Amino acid sequence: MTVAPSTVRLHDLTVAYRGHPAVHHLSGSFVAGAMTAVVGPNGAGKSSLLGALGGTLRGYEGRIEHDTALRIAYLPQASALDRSFPVRVFDAVAMGLWACIGNFGALRGADRRRVDEALAAVGLSGFGQRLLGELSAGQAQRVLFARVLVQDAELILLDEPFNAIDARTTADLLALLHRWRHEARTVIAVLHDLDQVRANFEHTLLLAREPVAWGPTAQVLDAAHLFKARQMAEAWDDAAPRCERVA
C-alpha cells in the first residue's frame with residue numbers, strides 16, 4: 001500500500017512548559033514520505049515537539065501547517081503505557097480504531113481482521129487475549145506499534161520507540177519503520193542512539209531547545225554540530241524569565 005505523502009511545515013514554532021521555552025523559534029519542513037530522526041541533549045524539547053505535532057500539547061506559538069485531512073498516529077514513550085490496567089492485547093490495539101468507530105461503535109469483522117493482521121505484523125499472533133501486564137517490555141512495545149498500524153496514518157510520530165527494549169525487538173520494529181517509508185508514510189522519531197540514526201534515517205533534526213541543524217543525517221550529525229548542541233545545553237538556565245510569547 002502506498003499513501004500520498006503530506007508535508008509538515010513549521011513556522012517560528014515555540015513550545016513552552018509553564019511559560020519556559022522547551023522549543024524555541026523552530027522553522028522548517030519535514031520531508032514528506034521519509035524518515036526523520038529528532039535528536040539532542042536531554043531536556044532539548046524533543047518530546048514537546050512531538051506533542052505539538054500530534055496535538056497532545058497545545059501550549060505553543062507559531063504555526064504548524066499540514067493538510068487538514070492528514071491522519072496522524074502518535075506513539076508515546078513506553079512509560080506512558082499503564083501495563084497494570086486490566087486490558088487485553090486485542091482491545092489495546094483496537095483502541096487505534098477509535099477515530100473510525102467512535103466511543104461506542106462495535107468492531108466489525110473487517111476491524112477485527114485489521115487488529116489480527118497488525119498483531120501478526122509485529123510478531124504477536126496468538127497474543128490477543130493476554131493481559132498487557134503479562135507481557136515483557138519488548139512485547140508491550142510491539143502492542144503499541146500494532147496500535148499505530150491499525151490507524152493507517154500518513155504521519156507517524158514515535159517518541160523514543162526503542163528505549164529499554166531488546167535488540168531483536170528493536171530490529172523487528174525498525175523493519176516496520178522501513179516498511180512505512182516504502183509506503184511513502186512520513187515518520188518522525190525521537191531517538192538517542194546516533195549510530196541507529198545514521199544507519200536508518202535519511203534526515204535528522206538536531207535540537208537543543210533551539211534548532212542546531214536540520215537536513216540530511218550525515219551533514220547534521222557531524223562533530224561541530226554535536227559540540228554546539230552540547231554547548232547550548234550547558235548554557236541552559238532553567239531559572240530564566242518566562243517566555244513572554246507563550247506566557
Side-chain angles (χ1 to χ4, degrees), residues 2-10 13 23 26-54 64 66 70 72-78 121-122 138 141-142 144-145 148-149 151 153-230 232-233:
T2 301
V3 299
S6 180
T7 300
V8 178
R9 297 182 178 89
L10 310 181
L13 182 69
V23 178
L26 178 60
S27 296
S29 298
F30 291 97
V31 177
M35 290 165 51
T36 300
V38 181
V39 303
N42 290 335
K46 304 182 294 294
S47 294
S48 296
L49 172 61
L50 247 64
L53 292 172
I64 300 173
H66 55 67
L70 181 69
I72 301 174
Y74 173 62
L75 187 147
Q77 294 183 20
V122 299
Q141 193 70 343
R142 290 174 188 263
L144 291 179
F145 268 78
V148 169
L149 267 171
Q151 294 179 63
E154 296 101 347
L155 173 61
I156 299 170
L157 309 173
L158 309 172
D159 196 353
E160 299 187 21
F162 311 121
N163 191 34
I165 60 175
D166 59 278
R168 170 63 185 275
T169 299
T170 297
D172 289 347
L173 296 180
L174 274 170
L176 188 55
L177 264 66
H178 286 286
R179 166 183 156 181
W180 286 331
R181 181 187 64 184
H182 290 311
E183 293 172 347
R185 302 179 195 275
T186 303
V187 178
I188 303 172
V190 170
L191 297 168
H192 289 284
D193 186 332
L194 298 186
D195 290 334
Q196 194 177 78
V197 172
R198 291 185 177 99
N200 295 281
F201 287 76
E202 312 102 304
H203 307 279
T204 297
L205 165 60
L206 176 56
L207 197 61
R209 298 191 180 171
E210 298 181 13
V212 178
W214 192 350
T217 294
Q219 297 176 20
V220 170
L221 296 184
D222 69 9
H225 289 145
L226 294 172
F227 179 69
K228 181 179 179 181
R230 288 194 296 271
M232 292 170 69

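Predicted model, so just to flag it, every value in this text is computed and none were measured.
Considering only residues two or more places apart in sequence or on other chains, Pro41 meets the side chain to side chain contact (heavy atoms under 4.5 Å, CB included) condition with Ala44, Ala208, Ala229, Ala233, Trp236. The salt bridge (Lys or Arg N to Asp or Glu O under 4.0 Å) test applied to Glu202 returns Arg181, not counting sequence neighbours.
Proximity of Met232 to Glu210: side-chain heavy atoms (C-beta onward) are separated by under 4.5 Å at one or more points. Counting heavy atoms from C-beta on, the side chains of Trp214 and Leu207 never come closer than 4.5 Å. With a 4.5 Å cut-off on side-chain heavy atoms, Leu53 and Ile64 count as touching. No side-chain heavy atom of Leu49 sits less than 4.5 Å from a side-chain heavy atom of Ile188.
Checking side-chain atoms of Arg198 against main-chain N and O of Leu221 turns up a donor-acceptor pair under 3.5 Å. The backbone N or O of Ala32 lies less than 3.5 Å from no partner atom in the side chain of Thr186, so there is not a single donor-acceptor pair. Checked by atom type and distance alone, the side chain of Lys228 never pairs as donor or acceptor with a backbone atom of Val212 at under 3.5 Å. Looking only at distances, no side-chain donor or acceptor of Gln196 sits under 3.5 Å from a matching main-chain atom of Leu191.
Distance check, rounded to the nearest 0.5 Å: CZ of Arg9 to NE2 of His66 gives 11.5 Å. One finds the CG atom of Leu173 at 6.0 Å from the CZ atom of Phe162 (value rounded to the nearest 0.5 Å). One distance of note links CD of Gln141 with OG1 of Thr170; it measures 9.0 Å at 0.5 Å rounding. In this structure, CG in Leu10 is found 5.0 Å from CZ in Phe30, a value given to the nearest 0.5 Å. Interatomic distance, Asn163 CG to Leu158 CG, rounded to the nearest 0.5 Å: 13.0 Å. Distance check, rounded to the nearest 0.5 Å: CH2 of Trp180 to CZ of Phe145 gives 5.0 Å.
Defined by atom type and a distance below 3.5 Å, a donor-acceptor pair is present between the side-chain atoms of Asn200 and His178.
The two residues Leu177 and Met35 come nearest to each other via the heavy atoms O-SD, 3.7 Å. Counting all heavy atoms, side chain and backbone alike, Leu50 lies closest to Leu157 at O-CD1, 3.8 Å. Here the closest heavy-atom approach between residue Leu26 and residue Pro211 is recorded as CD1-CB, 3.6 Å. The minimum heavy-atom distance between Val148 and Ala73, with the atom names listed, is CG1-CB, 3.8 Å. The two residues Arg209 and Gly43 make their nearest non-hydrogen contact at NE-O, 3.2 Å. Closest non-hydrogen pair, Ala37 versus Val197, comes out as CB-CG1, 3.6 Å.
The stretch residues 26-43 participates, sequence neighbours left out, in no side chain to side chain donor-acceptor pair (under 3.5 Å) pair at all.
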Point to revise | Worked check of side-chain contact (heavy atoms from CB on, under 4.5 Å) between His192 and Glu160 | key: CA-CA 8 Å; His192 289 284; Glu160 299 187 21; 3.1 Å; yes
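Between Asp172 and Arg142 a salt bridge is recorded (basic side-chain N to carboxylate O distance below 4.0 Å).
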